[in-house]
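Computed from a predicted model, the values in this text were never measured in an experiment. Quick note: numbers below take in every heavy atom, side chains included, and nothing from hydrogens, waters or symmetry partners.
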Amino acid sequence: EAILAVHMKKIPLAPDVDPRTIARGTPGFSGADLANLVNEAALLAARKDHPEVAMADIEEAIERVASGLERRSRLMSPEERRRVAYHEVGHAIVGEALPGGSRVVKISIVPRGMAALGYTMKLPTEDRYLMTEGELHAQLASLLGGRVAERMVFGEVSTGAGNDLQQATELAQAMVVDYGMSGAIGPVAFGHERRTLLAGSEARAMREHGDRVADVVDAEVKRIVEEAEEAARGVLMARRERLEAIAATLLEKEFLDG
């Protein structure tokens, strides 16, 4: 917030601009990212001939910095658009329904950047420094909500869920080896002992505690991710009508706010 305030002194701001809200919506942004965000918002306002930078300009700038420019030239087939819509609504509904989730502020099926065909933007409801085990499970379920929605509606998943699976697997692995959140492993942190050695063109992981423990870790990660997927499925099955209605509206409007 302090870094934002410094950069924002250089531009005229509309009354609706709240640095605290912006700071909450830009977790992980570096000082350079924040400077780029303010400059991008100023350029957007100037292109619209606005005398001040409004919150709408800031929000568009956040999306540009975080996800890239809109790529409306990237044409999707009607079936792909429909799949992306259900995928993003699946993320949003599960994230909203489970306790400890972040507030959904926008869903979009407008392609951005080099890869994103759609996205769900969330903001934490308050400043947080810690997350509980239950909140991490809710976050996992939300990550898998898009994949679950695809399977429910289309009978199979697509490659669009690949990044979600990667994030979910990494989070579940951290819960097991870093945070001691697995009963099978117990209150032991193995994360600091993970190493990678390069042997010619091959990379192999050092398993300092033997293959048996490594196999237990793999099994626990799989169990946690599968349980999160079941939780997401339960949420969406109970809200199937909402899933259909919101997806239909998203297909019509292309983006929805919270």
Side-chain angles (χ1 to χ4, degrees), residues 1-76 81-82 84-97 101-128 139 142 145-146 163 242 245-258:
E1 186 177 344
I3 296 172
L4 276 169
V6 170
H7 291 298
M8 286 181 168
K9 286 181 180 179
K10 305 173 185 178
I11 58 174
L13 299 174
D16 67 336
V17 175
D18 179 10
R20 182 171 299 180
T21 300
I22 300 168
R24 194 165 60 240
T26 51
F29 275 43
S30 65
D33 289 334
L34 294 174
N36 189 25
L37 164 65
V38 174
N39 290 336
E40 189 68 41
L43 288 171
L44 288 168
R47 292 190 191 110
K48 300 172 188 173
D49 291 326
H50 292 171
E52 297 175 321
V53 174
M55 197 65 189
D57 300 316
I58 297 286
E59 291 171 353
E60 171 65 16
I62 290 174
E63 293 179 54
R64 288 188 173 207
V65 173
S67 304
L69 297 174
E70 287 188 355
R71 302 285 184 181
R72 290 186 178 273
S73 60
R74 185 183 297 160
L75 299 178
M76 291 186 284
R81 263 182 105 247
R82 188 164 171 263
V84 171
Y86 277 100
H87 183 103
E88 298 305 331
V89 175
H91 282 310
I93 289 179
V94 176
E96 284 281 328
S102 299
R103 180 170 57 93
V104 175
V105 296
K106 187 172 185 178
I107 319 173
S108 172
I109 55 170
V110 178
R112 279 187 178 272
M114 297 303 295
L117 299 178
Y119 61 93
T120 300
M121 181 181 290
K122 301 177 184 178
L123 290 181
T125 55
E126 58 186 353
D127 291 338
R128 297 293 301 275
Q139 192 174 79
S142 180
N163 187 53
R242 299 184 194 183
I246 299 172
T249 307
L250 182 59
L251 283 165
E252 177 187 350
K253 305 287 188 182
E254 291 195 319
F255 67 86
L256 300 171
D257 62 24

When H87, H91, E88 are each screened for side-chain hydrogen bond (donor to acceptor under 3.5 Å, both in side chains) with T120, the one that passes is E88
Contact summary for [X] and [Y], nearest pair of heavy atoms:
X	Y	answer
G95	S142	CA-OG, 3.6 Å
A54	A14	CA-CB, 3.9 Å
A61	L37	CB-CD1, 3.4 Å
L44	D57	CD1-O, 3.6 Å
I58	A41	CD1-CB, 3.7 Å
V94	G145	CG2-CA, 4.0 Å

Report yes or no: does N39 contribute a side-chain atom to a donor-acceptor pair with the main-chain N or O of A35 at less than 3.5 Å?
->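 Looks like yes, one N/O pair under 3.5 Å.
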Does M76 reach the side chain of R82, with side-chain heavy atoms less than 4.5 Å apart?
->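 Sidechains of R82 and M76: no contact.
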Does any non-hydrogen side-chain atom of V17 lie less than 4.5 Å from one of E52?
->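 No, their side chains stay 4.5 Å or more apart.
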Rounded to the nearest 0.5 Å, how far does CG of L250 lie from CZ of F255?
-> 10.0 Å
L251 CG to Y86 OH distance, which is reported to the nearest 0.5 Å | 7.5 Å
Just one of E252, E254, K253 clears the side-chain contact (heavy atoms from CB on, under 4.5 Å) bar with L256, so which one?
-> K253
